[in-house]
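In what follows, a single structure is set out as structure tokens and then discussed.
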Number of protein chains: 2
Amino acid sequence: MPDVGASKALDPLLCFAVYSLERRIGRLYADLLAPWRLSYTQYLVVEMLGANHGEPLTVGELGRLLDLDSGTLSPLVKRLEARGVVRRERSRDDERVVTVALTAAGDDLHGELGEVQRCLAERLPPDRAAAGDLLARLREANDYLALHADA
Amino acid sequence: MPDVGASKALDPLLCFAVYSLERRIGRLYADLLAPWRLSYTQYLVVEMLGANHGEPLTVGELGRLLDLDSGTLSPLVKRLEARGVVRRERSRDDERVVTVALTAAGDDLHGELGEVQRCLAERLPPDRAAAGDLLARLREANDYLALHADA
DNA sequence: TGGTACTCAGTTGTGCGCAATAGAATTGCG
DNA sequence: CGCAATTCTATTGCGCACAACTGAGTACCA
């Protein structure tokens with residue numbers, strides 16, 4: 001007979017575990033990224049642009065890829081532009097759209113950031129099977145919530 | 001033969017999955033807690049105090065329980081105090097310590113928050129085995145980082 | 001063509017998270 | 001006792017995250 005009470009009590013613990021782990025990983029990335037004075041979110045944007053082979057992405061595309069809204073991305077991209085990492089340009093096809101691309105300096109930066117991934121691998125648990133499992137479960141939960149929970 | 005390259009590439013995806021899921025859960029909680037105008041972190045503090053059976057907790061104890069520092073907790077607790085949810089008091093034994101306890105209104109609030117857990121269970125994936133697995137793996141990762149990674 | 005609905009980026013306001021720092025209280029040690 | 005080191009909370013400053021809103025630009029359609 002399943003213990004429904006204890007089973008439901010699992011959910012808050014699960015949420016708290018995700019919350020706690022996210023902050024631990026955030027502190028880890030903050031540490032790894034400190035030499036480049038990048039936040040984790042800024043790093044994600046640079047990686048996304050770098051992975052796009054020099055092609056620009058629009059603010060909206062970045063938002064969909066990272067699940068972030070313009071309230072977060074707009075000032076973040078502006079700060080990256082102010083540092084010369086990124087170039088912002090209004091699209092000529094559609095004046096509403098702003099395209100974002102790495103500058104030459106931004107491309108160099110992206111190259112250097114390969115270092116970060118290696119350092120990350122040294123600091124995370126080495127059990128690849130467990131990591132694969134965890135990733136699969138996280139994506140399950142994420143996909144479930146994307147479909148069922150929020151707007 | 002293990003594919004080491006792809007294996008290392010797993011780590012950034014894992015981190016991003018944790019990051020994404022945390023924000024999804026955050027939005028879910030924000031939705032559930034909106035009727036009480038509580039943030040998730042405020043909710044955690046109220047739950048911790050409620051679970052303590054009327055006994056106060058110090059700011060430091062709350063910080064250790066939730067892995068939060070005073071820079072986050074001090075203003076948060078003050079906001080809860082301003083709303084009459086919580087009472088702050090300097091310990092007479094040790095004037096450095098501030099104890100935090102639920103007021104009568106805070107205790108009522110804590111009672112009402114049982115609702116939140118039920119609503120949460122309705123919105124999260126119903127597969128309890130997967131949830132148990134995920135929780136165990138998250139804790140493994142969390143414990144590993146607590147020992148190896150940060151200060 | 002005129003107007004209405006929609007899309008896109010940006011702004012504002014609030015709260016969290018954390019590093020760095022400050023300052024008061026306590027402890028411990030000579 | 002006197003003083004240095006430590007502990008504990010609070011403050012400051014910065015960036016992220018998001019809701020709510022604005023305003024410009026575009027699409028659609030009668």
Side-chain angles (χ1 to χ4, degrees), chain A residues 16 19-34 36-45 56-64 66-83 86 88-100 150-151, chain B residues 16 19-34 36-45 56-64 66-83 86 88-100 150-151:
Chain A
F16 181 70
Y19 168 71
S20 296
L21 183 57
E22 190 276 334
R23 285 185 301 115
R24 246 181 231 293
I25 291 175
R27 293 195 291 266
L28 176 53
Y29 262 108
D31 191 23
L32 297 180
L33 292 169
W36 292 277
R37 299 186 305 130
L38 286 175
S39 70
Y40 178 55
T41 315
Q42 290 170 353
Y43 165 76
L44 288 177
V45 168
L57 291 170
T58 71
V59 172
E61 285 167 341
L62 283 169
R64 278 184 290 278
L66 303 175
D67 189 22
L68 288 169
D69 73 356
S70 67
T72 300
L73 281 175
S74 282
L76 186 150
V77 169
K78 281 188 129 181
R79 279 191 293 274
L80 288 178
E81 184 188 37
R83 286 176 48 186
V86 134
R88 272 162 75 252
E89 235 169 80
R90 283 216 172 258
S91 164
R92 256 178 294 291
D93 307 350
D94 185 340
E95 290 283 341
R96 293 169 302 180
V97 172
V98 168
T99 64
V100 184
D150 44 38
Chain B
F16 182 70
Y19 168 71
S20 297
L21 183 57
E22 191 276 333
R23 284 186 300 117
R24 245 181 234 292
I25 292 175
R27 293 196 291 265
L28 175 54
Y29 262 108
D31 192 25
L32 298 180
L33 291 170
W36 292 278
R37 299 186 306 129
L38 286 176
S39 71
Y40 178 57
T41 316
Q42 290 170 353
Y43 165 76
L44 287 176
V45 167
L57 291 170
T58 71
V59 173
E61 285 167 340
L62 283 170
R64 278 183 291 279
L66 303 176
D67 189 22
L68 289 169
D69 72 355
S70 66
T72 300
L73 280 175
S74 283
L76 187 150
V77 169
K78 282 187 130 180
R79 279 191 293 273
L80 289 178
E81 185 188 37
R83 286 177 47 188
V86 134
R88 272 163 74 250
E89 234 169 80
R90 274 202 184 268
S91 163
R92 257 177 293 292
D93 306 352
D94 184 339
E95 291 281 341
R96 292 170 304 181
V97 172
V98 169
T99 64
V100 185
D150 43 38

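Sequence lines set the chain letters: A, B, ... in the order given, protein chains first and strands last, and positions in each chain run from 1. Please read these numbers as outputs of a predicted model, since none were measured by experiment.
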Residue B:P75, side-chain atoms from C-beta onward, closest of C:dA19, D:dT11, D:dA17: D:dT11
Rounded interatomic separation in angstrom, taking CG from B:L28 and C1' from D:dC18: 15 Å
Upstream residue (5' side of DNA chain D) when B:Y19 and A:R92 are each assigned their closest nucleotide: B:Y19
C:dG15 phosphate, OP1 or OP2, under 4.0 Å from B:T41 side-chain N/O: no
Minimal non-hydrogen separation, A:L68 against B:Y19, with atom names: CD2-OH, 3.8 Å
Could you list the protein-to-nucleotides 2-5 of chain C atom pairs, N/O on both sides, closer than 3.5 Å?
none

A:S70 (side chain) and C:dG10 (base): donor-acceptor pair under 3.5 Å: yes
Atom pair CZ/OG1 of B:R96 and B:T58 - distance to nearest 0.5 Å: 11.0 Å
Backbone of B:T99 reached by a side-chain donor or acceptor of B:R88 within 3.5 Å: no
Distance, rounded to the nearest Å, where A:Y29 contributes OH and C:dC18 contributes C1': 19 Å
A:L80 CG - D:dG15 C1' separation (whole Å): 12 Å
Atom-to-atom span, CG of B:L73 to P of D:dA10 - whole angstrom: 9 Å
Where B:R23 and A:D67 come nearest, the two heavy atoms and their spacing: NH1-O, 2.8 Å
Closest non-hydrogen atom pair, B:L73 against B:V59: CD1-O, 3.6 Å
5'-most by nearest nucleotide on DNA chain D - A:D93 or A:L76: A:L76
Phosphate-side-chain proximity, B:S74 and D:dA10, N/O vs OP1/OP2 below 4.0 Å: yes
CG on B:L62 to OG1 on B:T41, rounded to 0.5 Å: 12.0 Å
Minimum-distance pair of heavy atoms, taken over all atoms of A:P75 and A:S70: CD-O, 3.9 Å
Length of the CG-P vector between A:D69 and C:dG13, whole Å: 17 Å
Separation of atom CG in A:L33 from atom C1' in C:dA19, rounded to whole Å: 16 Å
Taking every non-hydrogen atom, the tightest pair across A:Q42 and A:R83: OE1-NH1, 4.2 Å
Touch class at under 4.0 angstrom, heavy-atom based, for B:S39 against every strand present: sugar-phosphate
Length of the CZ-P vector between A:R88 and C:dA9, whole Å: 11 Å
Provide a list of protein-nucleic acid N or O atom pairs under 3.5 angstrom, restricted to nucleotides 1-8 of chain D.
unit_1: D:dT7; atom_1: O2; unit_2: B:R96; atom_2: NH1; d: 2.7

Euclidean distance, B:L38 CG relative to B:L32 CG, rounded to 0.5 Å: 11.5 Å
Atom pair distance, as rounded to whole Å: CZ in A:R23 and P in D:dA17: 14 Å
Sugar-phosphate, base or nothing in reach of B:L68, heavy atoms under 4.0 Å: sugar-phosphate
Any A:R27 side-chain N or O less than 4.0 Å from OP1/OP2 of C:dC18: yes
Side-chain N or O of A:R37 closer than 4.0 Å to phosphate OP1/OP2 of C:dA19: no
Side-chain N,O (B:K78) to OP1/OP2 (D:dT11) below 4.0 Å: yes
Interatomic spacing from OH in A:Y29 to OH in A:Y43 - rounded to 0.5 Å: 4.5 Å
